[in-house]
Amino acid sequence: MKLYSLSGHPSLPCYILKFKFTTIMLDCALDMSSAMHFLPLTLVHSPRLAKLHNWSSKDGNKAVEKELKECAGRLFVDSAPEFLVPEKDLLDLSTVDAILISNYHCMLALPYITERSGFSGPVFATEPTLQIGRQLMEELVTLIERVPKPRASSKWKNKDVLRSLPSPLKDAQDIWSWRQCYSLQEVNSALSKVRLVGFSQKNELFGAVYVTPLSSGYCLGSCNWLIQSEYERVAYMASSSLFTTHPQPMDQAPLRGCDVLLLTGLTQFPTANPDSMLGEFCSNLAVTVRGGGSVLVPCYPSGVIYDLLECLAQYLDSAGLSGTPLYFLSPVASSSLEFSQIFSEWLCRSKQSKAYLPEPPFIHAELLHSNRLKHFASIHGDFSTEFRQPCVVFAGHPSLRCGDAVHFMELWGRSSLNTVIFTEPGFNHLDALAPFQPLAMKAVHCPIDTGLNFPQVSKLLKDIQPVHVICPEQYTAPPAAHPHRSDLQLERQPPPCTMRRAEALALPVRRRYERVELSPEVAESLIPSEVKPGISVATVMASLSTRDNKHVLQPLPKTPASSAKKRKRGEVLARMPQPLLWGSVSIDRLLQSLEKQGVKDVKVESVGDGHILHLQAEDSIIQLSADSTHIICTDEGLRARLRDVLVHLLNRL
Amino acid sequence: MPEIKVTPLGAGQDVGRSCILVSIGGRNIMLDCGMHMGYNDDRRFPDFSYITQNGRLTEFLDCVIISHFHLDHCGALPYMSEMVGFDGPIYMTHPTKAICPILLEDYRKITVDRKGETNFFTSQMIKDCMKKVVTVHLHQTLQVDDELEIKAYYAGHVLGAAMFQIRVGSESVVYTGDYNMTPDRHLGAAWIDKCRPDLLITESTYATTIRDSKRCRERDFLKKVHDSVEKGGKVLIPVFALGRAQELCILLETFWERMNLKAPIYFSTGLTEKANHYYKLFITWTNQKIRKTFVQRNMFEFKHIKPFDRSYTDNPGPMVVFATPGMLHAGQSLQIFKRWAGSDKNMVIMPGYCVQGTIGHKILSGQRKLEMEGRQTLEVKMQVEYMSFSAHADAKGIMQLIRQAEPRNVLLVHGEAKKMVFLKNKIEQEFGLACRMPANGETVTIATCPNIPADASISLLKNESLGSLPNPKRPRVLHATLIMKDNTLRLVPPSQAIKELGHTEHQLRFTASLQLRLPPGEADALTHLCNHLRSVLKDYSIQRLQDGSVMVESVLIKASGTADEQATQEVLVSWSYQDEDLGSYLMSLLKKGLP
């Protein structure tokens with residue numbers, strides 16, 4: 001059993017597990033933090049960004065200088081953003097048998113794997129994961145493709161150039177694994193390989209292992225995976241949550257007592273409680289709106305936004321600001337809002353029971369109906385006629401490198417009345433703001449990450465009691481932002497094994513058993529004997545047939561009569577194993593038995609702990625000791641008789 | 001021999017009142033708990049006294065499974081759980097859980113409020129009953145207890161309808177409920193994997209029918225409605241609120257739009273608006289086309305179909321009205337029917353199956369003078385049409401499902417006895433499967449012969465495959481010891497078993513000598529012997545050791561001296577008891593002499 005880590009980001013996992021002849025990829029998340037080094041793509045021409053200076057290098061390399069722009073003391077690459085894809089050179093990805101997806105945030109690198117590596121197996125995901133994952137991918141592709149940039153820049157990646165660049169671009173990780181975004185066609189082809197699964201659905205892979213998705217409580221349709229054979233169980237925990245939000249609660253009982261627990265996706269802000277962040281979000285927003293300013297919330301088109309809308313609507317009502325228009329801008333806004341309403345089966349109990357009434361589970365149906373919430377594909381088109389300020393705009397992309405959010409940063413950035421509130425935990429908000437500096441607009445950071453925190457993890461581990469724990473290396477030391485908080489790390493005896501990008505680990509699990517089925521005929525033919533109280537044994541002699549990695553014992557076939565034919569091929573004998581013998585032979589009983597066989601003239605000689613029997617008339621010798629017998633006899637008939645006598649006196653298995 | 005027992009309390013050689021008891025692996029399961037539309041007395045509910053004469057059912061049943069929300073499958077549920085008494089889990093899908101209490105309440109109202117019956121279940125009982133419901137996802141493997149697990153498959157038929165697989169250990173039963181093997185305008189087709197159950201319990205409503213293509217039926221239906229409306233007639237379509245109604249609405253809606261028709265279409269109010277809402281919220285249970293396009297255009301938002309008011313009944317001019325219930329046995333559809341029956345311009349289209357005893361059944365069987373309450377008779381002049389739109393599998397579909405699931409036995413329920421016999425013969429001929437069709441209260445026993453699982457040590461399996469490359473065509477011979485201890489079965493190599501039991505292995509060896517005659521010119525017997533053996537025993541490993549002796553697999557052959565003057569040499573052959581076959585074979589071979 002072996003594990004490979006293809007990603008170094010603890011919340012954007014990509015692993016490969018080799019387990020019992022199968023090679024399974026666990027998630028394939030896309031690390032988009034690399035986009036922070038690129039200039040934003042603007043929907044409307046921005047004179048400010050157009051006027052930025054080229055970088056001036058020491059050696060005056062014009063080709064490289066054109067690719068890099070200087071803005072507020074930082075260097076940015078002037079091309080469409082690139083993303084860090086999972087490691088491709090650690091092992092041949094075409095040997096991967098299947099990909100398991102745990103939630104829609106952890107699948108955005110899927111087209112890079114399924115379309116560009118020779119992978120040909122199925123991808124397992126739940127229906128919400130597929131639909132919302134599709135929306136996220138479609139949004140990403142649309143946002144990037146609708147602002148065409150001339151060409152990819154790659155000259156700056158030259159090793160010599162790189163060395164001379166200033167930080168932070170110089171220190172960027174794994175730039176050779178940065179890739180331009182995939183196309184819509186690749187998205188469709190990748191998603192056509194998805195096989196839909198439901199929570200707790202046991203799926204067989206090649207008869208060798210079973211993979212089961214279990215609700216993880218993190219987002220709509222999110223799951224952890226249990227990968228098991230009849231004897232070994234490996235649990236893969238991606239982002240999970242014990243907070244009460246809209247998804248179905250986490251199902252942790254089936255994970256109990258697993259042999260290996262791979263723990264990823266803990267909260268990225270262990271000191272920020274999601275509930276208090278949500279409160280801060282609402283109050284900051286209300287303050288801005290009351291002051292006549294507008295609020296931008298850069299966010300993904302699905303997920304926390306549903307909770308934000310629900311919370312916000314109630315808060316604005318109580319604050320007497322019900323009239324504030326809420327705008328949701330995304331190419332997939334309408335389908336995100338529609339789809340969220342039809343997944344009632346995947347929601348928490350209170351939302352689920354709303355569908356029984358029948359009412360839409362999420363409050364945003366009501367907000368849409370009363371025109372408080374309006375959604376648009378982009379700022380172009382109908383939006384301009386509807387647009388009223390002050391207002392709240394939810395728009396992508398949370399990296400502020402593409403999408404409608406970029407436009408609102410340019411529009412509102414110069415007024416201190418306005419506020420941008422960051423809620424998505426995946427991006428550093430200071431880096432996100434860097435190309436928009438200097439800013440007069442307020443920036444508030446309220447990261448809402450409902451992933452498990454360390455107290456929850458330690459409680460969870462006590463409940464699950466895994467034999468071995470494996471986690472990304474980041475979890476065994478305090479976070480960089482809080483180097484002295486030793487409580488913000490994973491502690492356990494024995495200490496967890498850690499992994500980093502492009503590393504392989506042999507799992508400390510030894511397989512000892514495999515399931516074999518006895519056909520009723522074989523079972524009936526067995527003759528059990530009780531050797532000790534409560535323990536019976538029986539010798540099994542049967543033919544083992546293995547199909548689809550399943551072993552069944554059938555009765556031995558009757559030996560066919562056409563042995564002459566076989567002889568030609570050199571198969572002289574049917575190789576039938578003989579039973580194993582155990583026990584010891586008492587000399588007296590042996591002599592008695594020999595006498596019955598007509599062997600009378602026996603001279604017994606004691607040697608050490610055994611005896612030597614000279615069968616004088618037959619000119620044969622039997623050497624007898626506690627655990628071995630040697631028959632030296634040339635007459636075949638006699639030898640067979642002696643053999644039967646001894647076998648009869650011993651125990652057989 | 002383990003066995004599975006099945007006893008239908010309802011739906012045995014009959015349609016309606018589905019309720020089937022199954023005993024498998026020591027567990028008792030009730031499949032569906034329905035009422036019979038044709039009766040108003042005790043016979044409308046299954047006879048639960050079959051399970052126990054006195055008291056509650058909880059200790060006799062491990063769980064109850066409801067396949068879908070039709071009343072002939074869940075109508076007796078509150079009676080069973082609250083009045084007879086059952087506190088165990090009741091399993092159903094989400095849409096069924098949402099819709100079933102509404103239909104039950106409707107049924108209760110008609111029975112208690114209109115017909116004035118007492119001793120019937122109350123609204124509170126319906127609520128209490130629904131609290132015992134556990135919902136299942138499609139394909140979720142739900143563990144009822146340590147050994148009993150159930151799994152739901154999509155069944156088409158109506159929103160949320162499911163087939164259920166019930167498994168205990170390696171024995172399993174599949175119960176289809178009602179299902180439909182062809183996708184229609186709003187639902188997909190039933191699907192099941194090759195799960196090879198010991199028993200398949202299937203409905204057989206349309207056991208003898210092989211329906212023509214859906215398209216023809218739809219065209220027929222539209223033509224009849226259109227002709228009648230053109231002539232200024234009124235068309236009544238009695239339906240159940242959920243299911244066929246939505247399919248026919250989609251059909252008429254698109255037709256009206258295409259043909260630009262103006263005649264009004266009404267839908268009797270109450271349940272139906274709500275019903276459409278359920279379809280919108282559970283759109284993941286509808287067919288692929290609707291699911292794909294619902295963001296742009298939700299098929300369950302109808303433009304041409306308006307809610308019906310009782311006062312419209314006598315409006316002049318043509319109209320089409322969908323009214324509940326579907327078998328004309330009560331309610332609005334019956335009231336409208338009474339008003340319109342007198343005119344031959346009007347038409348009633350029955351889109352589904354009607355149970356014996358209902359007015360629907362009577363007019364379909366050609367009766368034109370009906371006895372109504374209060375000794376009145378009603379003369380039916382309006383045209384009566386029957387169009388099978390009910391979403392049951394036809395004979396072809398049933399055979400198709402059997403082919404998909406590959407069961408070892410088949411059992412027919414939910415059909416008429418005569419038709420069942422026909423289908424039973426067909427199944428027995430075509431698949432060679434045993435097929436049963438028990439009547440209500442009759443128990444069928446099916447013997448199963450499951451394989452017995454054991455834990456085999458890896459070393460054993462690896463060892464066996466070492467001998468020769470695994471070849472699926474040549475089964476390998478496995479020699480092992482089965483250790484039975486504390487209810488576990490373990491297969492280990494015999495040597496390991498001996499060790500585990502605290503014994504030592506006893507080595508038995510044989511050594512025999514024989515005189516080998518050397519051919520002229522040969523100095524060393526063993527070289528020659530070695531060559532000879534290699535030509536005879538091609539599959540065996542034959543090695544020459546350093547001291548000159550020969551190893552055939554693990555049988556040792558040694559020369560005990562040099563060749564004497566008669567050109568013979570004494571050779572010793574030594575082997576252990578495990579090589580007895582090879583050893584004795586070699587002896588007989590060598591005795592024949594060298595060539």
Side-chain angles (χ1 to χ4, degrees), chain A residues 127 198-202 334-335 338 341-342 344-345 355-356 358 511-520 523 526 528 531 534-545 552-553 556 570-573 576-578 580-584 627-634 636 639 646 650 653, chain B residues 94 97-98 137-142 274 277-278 281 283-284 294-295 449 451-458 461 464 470 472 475-486 491 494-495 497-498 501 503-514 537-539 577-578 580-582 585 587:
Chain A
E127 184 161 11
F199 286 152
S200 311
Q201 177 180 347
K202 222 171 161 184
S334 81
S335 72
E338 289 284 346
Q341 304 288 20
I342 65 162
S344 60
E345 288 179 49
Y356 297 159
R511 291 180 46 227
R512 293 176 59 215
Y513 291 108
E514 193 146 331
R515 172 63 52 90
V516 166
E517 288 189 350
L518 280 68
S519 72
L526 297 180
V531 286
I535 304 178
S536 305
V537 295
T539 299
V540 179
M541 193 77 85
S543 109
L544 179 72
S545 71
V552 180
L553 286 177
L556 289 172
E571 251 177 77
V572 186
L573 299 160
M576 290 298 271
Q578 297 290 342
L580 230 57
L581 307 172
W582 59 273
S584 52
D627 55 3
S628 70
T629 305
H630 195 166
I631 298 173
I632 302 163
C633 170
T634 299
E636 185 59 24
R639 188 190 67 80
L646 271 153
L650 286 162
L653 271 183
Chain B
H94 279 265
K97 187 186 174 187
H137 288 278
L138 278 186
H139 301 161
Q140 172 187 10
T141 314
L142 199 145
K274 232 177 173 181
H277 223 89
Y278 281 115
L281 289 174
I283 220 144
T284 49
F294 89 104
V295 176
C449 40
N451 285 345
I452 297 143
D455 307 338
S457 78
I458 297 265
L461 292 173
E464 291 308 311
R476 294 170 283 157
V477 175
L478 181 116
H479 172 217
T481 302
L482 187 70
I483 303 180
M484 288 161 267
K485 185 183 169 188
D486 305 335
L491 271 174
S495 56
I498 291 172
L501 296 171
H503 297 295
T504 43
E505 199 181 325
H506 193 101
Q507 296 288 343
L508 179 58
R509 260 200 104 71
F510 306 100
T511 302
S513 65
L514 56 88
L537 299 168
K538 281 191 179 112
D539 267 4
Y577 181 59
Q578 267 56 50
E580 173 66 13
D581 287 345
L582 182 61
Y585 171 75
M587 281 304 286

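Here the structure is a predicted model, which is why all the values come from computation and not from measurement. To find a chain, count down the sequence lines: A is the first, B the second, and so on, and within it residues start at 1.
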Minimum heavy-atom separation for [X] to [Y], with atom names?
X      : Y      : value
A:P520 : B:N451 : CD-OD1, 3.3 Å
B:V295 : A:S334 : CG1-OG, 3.7 Å
B:Y278 : A:P358 : CE2-CB, 3.5 Å
B:T504 : A:W582 : O-CB, 3.3 Å
A:K202 : B:T141 : N-OG1, 3.2 Å
B:Q578 : A:L580 : NE2-CD1, 3.2 Å

Atom pair [atom1] ([X]) and [atom2] ([Y]), whose distance is rounded to the nearest 0.5 Å:
X      : Y      : atom1 : atom2 : value
B:Q140 : A:F199 : CD    : CZ    : 9.5 Å
B:I452 : A:E517 : CD1   : CD    : 9.5 Å
B:F510 : A:T634 : CZ    : OG1   : 13.5 Å
A:S543 : B:L478 : OG    : CG    : 9.0 Å
A:S536 : B:K485 : OG    : NZ    : 11.5 Å
A:L526 : B:M484 : CG    : CE    : 6.5 Å

Open item on the list: Taking side chain as everything from C-beta outward and backbone as N, CA, C, O, which of these in A:S519 sits under 4.5 Å from a heavy atom of chain B? Side chain, backbone, both or neither.
Closed with: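 For A:S519, backbone and side chain are both near chain B.
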Open item on the list: Please classify the contact between A:V531 and chain B as side chain, backbone, both or neither, with a heavy-atom cut-off of under 4.5 Å.
Closed with: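 Answer is side chain: those atoms of A:V531 sit under 4.5 Å from chain B.
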Under a 4.5 Å cut-off applied to non-hydrogen side-chain atoms, are [X] and [Y] in contact?
X      : Y      : result
B:D486 : A:I535 : no
B:L461 : A:V516 : yes
A:I342 : B:F294 : yes
A:R515 : B:D455 : yes
B:Q507 : A:T629 : no
A:L581 : B:Y577 : yes
A:V537 : B:L482 : no
B:L508 : A:I631 : yes

TODO: Output yes when B:K97 and A:E345 qualify as a salt bridge under the 4.0 Å nitrogen-oxygen rule, no when they do not.
DONE: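 No, no charged N to carboxylate O under 4.0 Å.
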Open item on the list: Run the side chain to side chain contact (heavy atoms under 4.5 Å, CB included) test on B:R509 and A:I632 for me, step by step, so that the C-alpha distance in whole Å, both residues' side-chain angles and the decisive distance to 0.1 Å come before the verdict.
Closed with: CA-CA 8 Å; B:R509 260 200 104 71; A:I632 302 163; over 6 Å; no
Open item on the list: Please identify, among B:L138, B:L501, B:L514, the residue contributing the most non-hydrogen atom pairs under 4.5 Å to chain A.
Closed with: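 Counting heavy-atom pairs under 4.5 Å, the top option is B:L501.
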Open item on the list: Can you see whether B:H137 engages A:S200 through a side-chain donor-acceptor pair at a distance of less than 3.5 angstrom?
Closed with: no
Task: Residues B:T511 and A:H630: side-chain donor-acceptor under 3.5 angstrom - done: yes
Open item on the list: Is B:I483 close to chain A through its backbone or its side chain, or both, or neither, when contacts mean heavy atoms under 4.5 Å?
Closed with: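 Both parts, backbone and side chain.
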TODO: Mind running side chain to side chain contact (heavy atoms under 4.5 Å, CB included) on A:L544 and B:V477 for me, showing each step along the way?
DONE: CA-CA 6 Å; A:L544 179 72; B:V477 175; over 6 Å; no
- [ ] Look at A:S344, A:G198, A:A538 and state which one has the largest set of heavy-atom pairs under 4.5 Å with chain B.
- [x]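 The option with the most such pairs is A:A538.
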Open item on the list: Under a 3.5 Å distance rule, please check whether B:H479 uses its side chain to pair with a backbone N or O of A:M541 as donor and acceptor.
Closed with: no
